[in-house]
Amino acid sequence: MNILIVNDDGIRAEGIWQLARLAKKLGTVTIVSPLHQCSGMSHSISFEQELFVRKVVSPIEDITAYSVSGRPADCVRVGIEHLTLEKPDIVFSGINLGYNIGYEILYSGTVGAAMEALTYGVPAIAFSQDNYDDFSAIETYFDEITDHLLHSDIAPNQIWNVNFPNATANEIKGIDYDCIPAKALFHHDHFEMEQLGSQMYQIHTFYEKKKSAEAGTDMDSLLHNRIAVGRLTSIV
């Protein structure tokens with residue numbers, strides 16, 4: 001199996017290398033990642049701009065890695081068209097730092113990159129977790145979940161979205177495979193505006209995490225230490 005791994009947190013993010021270590025068991029892995037942090041860029045691409053690609057020294061044996069001076073979706077395009085010897089069988093996006101659930105899915109560069117894979121007829125799975133303090137849950141459940149998803153039917157205009165709770169492997173209560181996105185923001189934003197001058201203002205942003213959610217949603221599963229897996233459908 002040929003696997004292209006991308007992310008939106010950038011080539012230096014711990015999550016993409018952790019995902020590569022896990023994916024290596026499944027086949028040949030190529031990493032193509034933004035040079036810089038690109039969270040919140042959704043499915044945007046670089047338009048009428050030069051992109052610069054640099055080969056990166058990989059800390060993982062037999063994995064080729066590149067950085068791209070563009071956005072997550074650019075990495076998929078460049079990776080499939082120029083940097084992989086054969087068309088990938090699947091694209092893995094992540095592991096993102098922070099959940100991609102509820103309305104936040106709309107902003108996600110991780111999800112946007114996975115959706116870009118569909119334009120090439122390549123299936124994709126997006127992986128996220130709340131923080132990078134402990135990868136034991138994804139290390140424990142990655143094989144089971146990916147095997148299940150790779151052998152499950154999914155529409156050609158859909159991707160899998162997998163989110164791991166803020167919990168150790170021993171604290172995981174199970175896997176929910178049919179989660180729907182919550183109709184809410186997990187990080188509830190609050191804005192305060194301060195006037196700095198007659199024509200100038202500064203916006204201060206504060207947020208707090210949700211503590212409850214509707215049953216059956218991705219957010220509810222994660223709040224109960226369950227791994228949330230669901231399908232996301234492209235608007236095209």
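Computed over heavy atoms, backbone and side chain alike; hydrogens, waters and symmetry mates excluded.
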Legend entry - Heavy-atom donor-acceptor pair, Ser93 side chain to Val111 backbone, under 3.5 Å: no
Inset, instruction - Taking the side chain as every heavy atom from C-beta outward, state whether Thr205 and His190 have any pair of such atoms under 4.5 Å apart. - result: no
Inset, instruction - Quick one: pull up SG in Cys179 and CE in Met219 and give me the separation to the nearest 0.5 Å. - result: 11.5 Å
Legend entry - Minimum-distance pair of heavy atoms, taken over all atoms of Ser33 and Asn7: OG-OD1, 2.6 Å
Legend entry - Same apolar cluster (I L V M F W Y, side chains within < 4.5 Å links), Ile95/Ile5: yes
Inset, instruction - Output the distance between atom CG (Asp178) and atom CZ (Arg231), rounded to the nearest 0.5 Å. - result: 6.5 Å
Legend entry - Asp176 side chain near Ile227 side chain, heavy-atom distance below 4.5 Å: no
Inset, instruction - Nearest 0.5 Å please: distance from the OH atom of Tyr141 over to the OG atom of Ser136. - result: 9.5 Å
Legend entry - Glu61 backbone acceptor or donor facing Lys24 side chain under 3.5 Å: yes
Legend entry - Atom of Pro34, atom of Gly70 and distance for their closest heavy-atom approach: CB-O, 3.6 Å
Legend entry - Heavy-atom side-chain proximity of Val32 to Val76 below 4.5 angstrom: no
Inset, instruction - Using a cut-off of 6.0 Å, state whether more than 12 heavy atoms not belonging to Lys55 lie near its atom NZ. - result: no
Inset, instruction - Indicate yes or no: at least one non-hydrogen side-chain atom of Leu19 is less than 4.5 angstrom from one of Trp17. - result: no
Inset, instruction - Consider only side-chain N and O atoms of Asn131 and Asn166, and report whether a donor and an acceptor are under 3.5 Å apart. - result: yes
Legend entry - Verify same cluster id: Val122, Leu150 (apolar side-chain graph, 4.5 Å): no
Inset, instruction - Examine distances only and state if a side-chain atom of His148 and a backbone atom of Glu144 form a donor-acceptor pair shorter than 3.5 Å. - result: no
Legend entry - Spatial distance of atom CD1 (Ile138) from atom OG1 (Thr146) [nearest 0.5 Å]: 9.0 Å
Inset, instruction - May I ask you to test the Asn161-Ile105 pair for a side-chain heavy-atom distance under 4.5 Å? - result: yes
Inset, instruction - Search all heavy atoms of Asp218 against all heavy atoms of Ala228 and return the closest pair with its distance. - result: O-CB, 3.8 Å
Inset, instruction - Step by step, work out the side-chain contact (heavy atoms from CB on, under 4.5 Å) result for Met1 and Ile3. - result: CA-CA 6 Å; Met1 178 181 290; Ile3 304 164; 3.9 Å; yes
Inset, instruction - Examine Val68 and Val56 and state if one hydrophobic cluster contains both, with Ile, Leu, Val, Met, Phe, Trp and Tyr joined whenever side-chain heavy atoms are less than 4.5 Å apart. - result: no
Inset, instruction - In plain terms, say whether Asp130 and Lys209 are close enough for a salt bridge, that is, a side-chain N and a carboxylate O under 4.0 Å apart. - result: yes
Legend entry - CD (Glu50) with more than 12 external heavy atoms under 6.0 Å: no
Inset, instruction - Please collect all salt bridge (charged side-chain N to carboxylate O under 4.0 Å, His left out) contacts where either partner lies in residues 100-122, sequence neighbours excluded, each pair once. - result: Arg77-Glu116
Legend entry - Within-4.5 Å side-chain heavy-atom neighbours: Phe135 and Phe164: no
Legend entry - Polar contact flag, side-chain donor to acceptor under 3.5 angstrom, Asn157-Thr233: no
Legend entry - Over 12 non-hydrogen atoms of neighbours within 6.0 angstrom of CG in Leu85: no
Legend entry - Closest non-hydrogen atom pair between Ser69 and Leu35, with its separation: CA-CB, 4.4 Å
Inset, instruction - With the side chain counted from C-beta on, respond yes when His82 and Val53 share a heavy-atom pair under 4.5 Å apart, and no when they do not. - result: no
Legend entry - Hydrophobic cluster partners of Ile180 (side-chain heavy atoms under 4.5 Å): none
Inset, instruction - Step by step, work out the ring-ring contact (aromatic ring centres under 6.0 Å, His included) result for Phe191 and His204. - result: CA-CA 6 Å; Phe191 300 96; His204 302 277; over 10 Å; no
Legend entry - Value rounded to 0.5 Å, distance of CD1 in Ile80 from NZ in Lys87: 7.0 Å
Inset, instruction - Please confirm whether Phe186 and Tyr103 have ring centers closer than 6.0 angstrom. - result: no
Legend entry - Whether over 12 other heavy atoms sit under 6.0 Å from Glu214 CD: no
Inset, instruction - For Gln202 and Gln195, test the side chains for any donor-to-acceptor distance below 3.5 angstrom and give the result as yes or no. - result: no
Legend entry - Asp8 side-chain N/O to Thr110 backbone N/O, donor-acceptor pair under 3.5 Å: yes
Legend entry - Side chain Arg71, main chain Ile45, donor-acceptor under 3.5 Å: yes
Legend entry - Check: Ser234 side chain, Val236 main-chain N or O, donor-acceptor pair, under 3.5 Å: yes
Legend entry - Derivation of the side-chain contact (heavy atoms from CB on, under 4.5 Å) call for Ile203 and Glu192: CA-CA 6 Å; Ile203 303 294; Glu192 292 183 1; over 6 Å; no
Legend entry - Exercise: do Asp9 and Ser39 side chains pair donor with acceptor under 3.5 Å: yes
Inset, instruction - Identify whether Ile16 and Leu83 are in the same connected component of the hydrophobic contact network (ILVMFWY, side-chain heavy atoms under 4.5 Å). - result: no
Legend entry - Side-chain donor-acceptor pair present, Thr168, Asp134, cut-off under 3.5 Å: no
Legend entry - Main-chain N/O of Pro181 paired to Thr217 side chain as donor or acceptor, under 3.5 Å: no
Legend entry - More than 12 heavy atoms of other groups within 6.0 Å of His224 NE2: no
Legend entry - Test item: Trp160 and Val229 side chains (from C-beta on) under 4.5 Å apart, heavy atoms: yes
Inset, instruction - Indicate, with yes or no, if Ile125 and Tyr120 share a hydrophobic cluster defined by side-chain heavy-atom contacts under 4.5 Å among Ile, Leu, Val, Met, Phe, Trp and Tyr. - result: no
Inset, instruction - State whether the side chain of Asp89 and the backbone N or O of Asn2 hold a donor-acceptor pair below 3.5 Å, judged by distance alone. - result: yes
